[in-house]
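First the structure, in the form of structure tokens, and then the observations on it.
Quick note on labels: first sequence line is chain A, next is B, and so on, each numbered from 1.
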2 protein chains.
Amino acid sequence: MTANNAFYAQSGGVTAVINASACGVIETARQHRDQIANVYAGRNGIIGALTEDLIDTSQESAADIAALRYTPSGGFGSCRYKLKSLEANKREYERLIEVFKAHDIRYFFYNGGGDSADTCYKVSQLSETLGYPVQAIHVPKTVDNDLPITDNCPGFGSVAKYIATSALEASFDVRSMSKTSTKIFVLEVMGRHAGWIAAAGGLIEDHNIPVLVLFPEIEFNPEQFIAAVKAKVAQHDFCTIIVSEGAHYPDGRFLAEQGTRDAFGHAQLGGAAPVVANMIKEALGYKFHWAVADYLQRAARHLASKTDVDQAYAMGQAAVNLALAGHNAVMPTVKRLSDSPYQWEVGEAPLSAVANVEKFMPREFITPDGFGITPICKTYLLPLIQGEDYPPFANGLPRYVTLKNAPVAKKLGEFAL
Amino acid sequence: MTANNAFYAQSGGVTAVINASACGVIETARQHRDQIANVYAGRNGIIGALTEDLIDTSQESAADIAALRYTPSGGFGSCRYKLKSLEANKREYERLIEVFKAHDIRYFFYNGGGDSADTCYKVSQLSETLGYPVQAIHVPKTVDNDLPITDNCPGFGSVAKYIATSALEASFDVRSMSKTSTKIFVLEVMGRHAGWIAAAGGLIEDHNIPVLVLFPEIEFNPEQFIAAVKAKVAQHDFCTIIVSEGAHYPDGRFLAEQGTRDAFGHAQLGGAAPVVANMIKEALGYKFHWAVADYLQRAARHLASKTDVDQAYAMGQAAVNLALAGHNAVMPTVKRLSDSPYQWEVGEAPLSAVANVEKFMPREFITPDGFGITPICKTYLLPLIQGEDYPPFANGLPRYVTLKNAPVAKKLGEFAL
């Protein structure tokens with residue numbers, strides 16, 4: 001068997017543990033040098049492949065690759081760049097094949113969410129349509145937890161742990177102050193369409209914190225919401241509100257929309273928290289504070305879930321093993337075997353069933369009033385935030401790695417994106 | 001020697017480590033039962049003293065008091081309530097003495113910032129003017145780090161560590177994304193008048209992160225700022241901006257003001273981050289993200305600085321020791337002996353020199369251009385964020401304590417606030 005090269009790229013919004021998946025890919029590939037000579041990483045994701053801007057990961061020390069396991073962000077750079085269909089943009093796919101051929105790349109590992117699974121699926125079809133054999137394996141990653149089939153998406157468990165912990169801490173703070181000062185704390189969290197992250201905030205209910213959650217899956221009803229806030233404050237003197245950036249009115253209007261859109265055409269959101277806080281102030285007069293966690297939540301490797309880190313690594317490892325076993329157009333998954341104790345194993349899903357499918361919160365995970373999470377939801381969520389996996393610290397701050405990211409010598413001409 | 005009782009109260013905004021000071025007070029008092037029979041805590045701060053709503057801390061187990069060391073927020077409740085001068089509101093001071101007499105309270109430990117130091121100072125004068133002997137000791141606490149004389153204020157070191165870590169993590173994230181997406185990340189931090197917390201964000205410069213800081217001490221100049229952002233992005237392709245909630249224009253106008261005021265008459269701020277982000281978008285067109293940390297930063301006990309926790313505890317301990325040594329109208333301080341290795345000891349300051357004095361960032365701590373911190377500032381800050389002191393976790397979340405907070409039987413009539 002001849003050893004070929006592998007291509008690995010990170011796609012879309014990065015997470016606290018996507019580098020742990022990268023670590024899993026590269027460390028596992030290095031154990032099979034007879035089959036995978038080298039892993040070339042795309043500088044800034046798929047753009048690196050299109051522009052032949054490849055990173056030679058063999059230049060990185062074993063220690064630095066190991067450090068990826070505890071370093072948040074995308075170590076090789078990511079991008080928001082969605083390939084069109086093969087028919088609409090054959091030029092880009094032909095270029096990919098050209099680059100793969102030039103660098104003897106036969107394995108394509110793509111680490112991303114739903115849009116990226118679609119890209120990965122298209123690449124997997126190249127071998128047939130363009131006559132070059134390449135095995136495409138998708139490595140799951142989204143903080144939104146919206147990929148189907150897999151029990152959860154690496155990246156989500158750590159955000160969930162961060163949001164639940166932060167909401168708990170801030171709620172303790174508000175509880176201290178409510179007598180004369182702040183009674184309302186609003187925390188805005190990510191999740192455009194799926195309310196999984198918001199749901200994690202609901203976990204603090206079991207720590208005796210009055211909490212209301214605004215999900216993107218539930219149409220926002222201001223009257224019912226204000227009534228619910230009033231009831232909580234009447235009983236507890238304070239209330240914490242977790243609002244998803246995707247919370248919206250029945251007509252689809254987001255609670256706060258900045259009006260700009262990202263490369264995938266998604267509305268760029270932010271600012272629902274002050275809207276909700278001021279709405280309460282106006283209706284009930286309570287003093288409020290609000291926070292928008294934004295990137296802090298998805299980058300917070302200092303508070304990662306050990307379960308999440310382990311699974312992120314396992315997905316990277318499994319992707320290489322699947323490739324070496326000859327699979328194509330698949331994604332390794334987390335398969336839940338039991339809730340308590342949480343047991344899981346690596347599963348496998350065909351990309352045709354993953355691409356462009358979004359997994360939302362099931363209605364039975366949300367309380368009938370629409371403002372909380374049910375016991376079945378807690379049973380689902382709690383295993384995912386178990387365990388701590390602190391990064392090493394040096395001189396007061398986490399000691400995260402910045403890779404050398406040495407380029408592979410180019411063999412082809414320029415390519416205009 | 002007869003044993004009398006002590007009163008302890010938390011005042012103003014709470015922190016990640018104010019309970020560590022409470023722990024220091026109570027554990028130390030318990031070692032001197034021959035002199036301090038019991039520590040009564042004010043429920044919701046000084047309001048608890050005025051309304052005779054006292055908490056019997058002797059009802060709390062040693063384990064629960066020890067757990068205060070790792071529990072954020074104010075375990076007994078805090079309040080924003082400033083006593084007027086003795087002349088303007090003699091009624092309240094007479095009530096305090098009445099409550100102290102009724103419960104044989106001879107020690108007054110007040111855990112707060114500048115406003116509270118002023119209250120504590122006034123109480124210390126009661127023994128002379130109202131003829132009841134009470135020793136008043138102020139226990140320093142502010143996330144803003146704006147108390148004079150002491151090397152730093154317990155509460156600050158942990159916020160500084162949280163902000164620097166969070167800014168570092170989010171900057172890694174942005175660096176991954178800047179090729180096709182976010183180039184600007186704006187993080188809004190606390191600090192109405194003093195830029196100490198914002199300065200902590202400047203520490204990430206030494207981790208190769210392009211960062212600009214907007215201090216309340218420097219009048220905001222939009223043209224210079226936009227030029228600085230442009231230069232950073234030209235060199236690094238991205239830039240992180242730390243903006244203090246107190247950043248303002250030369251005419252005093254805050255970058256964002258909600259128009260409401262708290263009980264002390266301070267403007268309630270928030271929302272400078274989106275203002276700065278949109279300003280950059282408009283001038284330079286860069287895609288941005290922004291976060292407002294708000295209470296998350298001061299409640300983030302999960303990422304406390306061990307140095308800060310140790311000092312918070314030591315201040316509580318020292319307060320009791322100062323009282324038992326007969327001192328009055330003083331505040332224990334942190335006295336820095338050396339920068340590296342950081343060595344410190346407990347000092348002491350007269351409250352007359354502490355009350356109503358705010359310590360701002362010295363100009364030499366800020367770079368000439370006004371957007372960064374100098375080496376001398378880093379030398380000051382770095383010791384304060386050293387060490388980690390993680391709370392215990394259970395089932396995925398920190399295991400923080402909620403005290404029983406059993407009331408002391410009332411002996412007096414009602415008192416209208």
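Nearest approach of Ala291(B) to Asp294(A), heavy atoms of both residues: CB-CB, 3.8 Å. When every heavy atom of Met177(A) is checked against every heavy atom of Arg298(B), the shortest pair comes out as CG-NH2, 3.8 Å. Closest heavy-atom contact between Asn44(A) and Ser176(B): OD1-O, 4.1 Å.
Annotation: maximal heavy-atom pairing with chain B below 4.5 Å, among Pro72(A), Ser78(A), Ala16(A), occurs at Ser78(A). When each of Ala160(B), Ser166(B), Ser178(B) is checked for heavy-atom pairs under 4.5 Å with chain A, Ser166(B) comes out on top. Counting heavy-atom pairs under 4.5 Å between each of Ala293(A), Ala300(A), Ala394(A) and chain B puts Ala300(A) at the top.
Put simply, the side chain of Ser181(B) never gets that close to the backbone of Arg80(A): no donor and acceptor are under 3.5 Å apart. Side-chain atoms of Lys161(B) do not come within 3.5 Å of backbone N or O of Leu397(A) as any donor-acceptor pair. Under a 3.5 Å cut-off, the side chain of Glu169(A) and the backbone N or O of Arg301(B) do form a donor-acceptor pair.
Contacts of Tyr342(B) with chain A are absent, with no heavy-atom separation under 4.5 Å from either backbone or side chain. Within the 4.5 angstrom heavy-atom criterion, only side-chain atoms of Ile47(A), from C-beta onward, approach chain B. Heavy atoms closer than 4.5 Å to chain B are found in the side chain of Leu187(A), but not in its backbone. Within the 4.5 angstrom heavy-atom criterion, atoms from both the backbone and the side chain of Gln386(B) approach chain A. For Phe172(A), the parts lying near chain B are the backbone and the side chain together; criterion is any non-hydrogen pair under 4.5 Å. When heavy atoms are compared at a cutoff of 4.5 Å, Thr307(A) does not approach chain B at all.
Around NZ of Lys378(B), the count of heavy atoms belonging to other residues, nucleotides or ligands within 6.0 Å exceeds 12.
To the nearest 0.5 Å, the span separating CG on Asp173(A) from CD on Gln297(B) amounts to 10.5 Å. In this structure, NE2 in His289(A) is found 5.5 Å from CE in Met190(B), a value given to the nearest 0.5 Å.
Looking only at side-chain heavy atoms (C-beta outward), Ile385(B) and Phe393(A) stay at 4.5 Å or farther from each other. With a 4.5 Å cut-off on side-chain heavy atoms, Arg43(B) and Lys179(A) do not count as touching. Under the 4.5 Å side-chain criterion, counting only non-hydrogen atoms from C-beta, Leu382(A) is in contact with Asn395(B). The closest side-chain heavy-atom distance from Leu303(B) to Tyr390(A) is not below 4.5 Å. Residues Thr402(B) and Arg175(A) are in side-chain contact: their nearest non-hydrogen atoms beyond the backbone lie under 4.5 Å apart.
Looking only at atom types and distance, the side chain of Thr182(B) has a donor-acceptor partner in the side chain of Tyr295(A) under 3.5 Å away.
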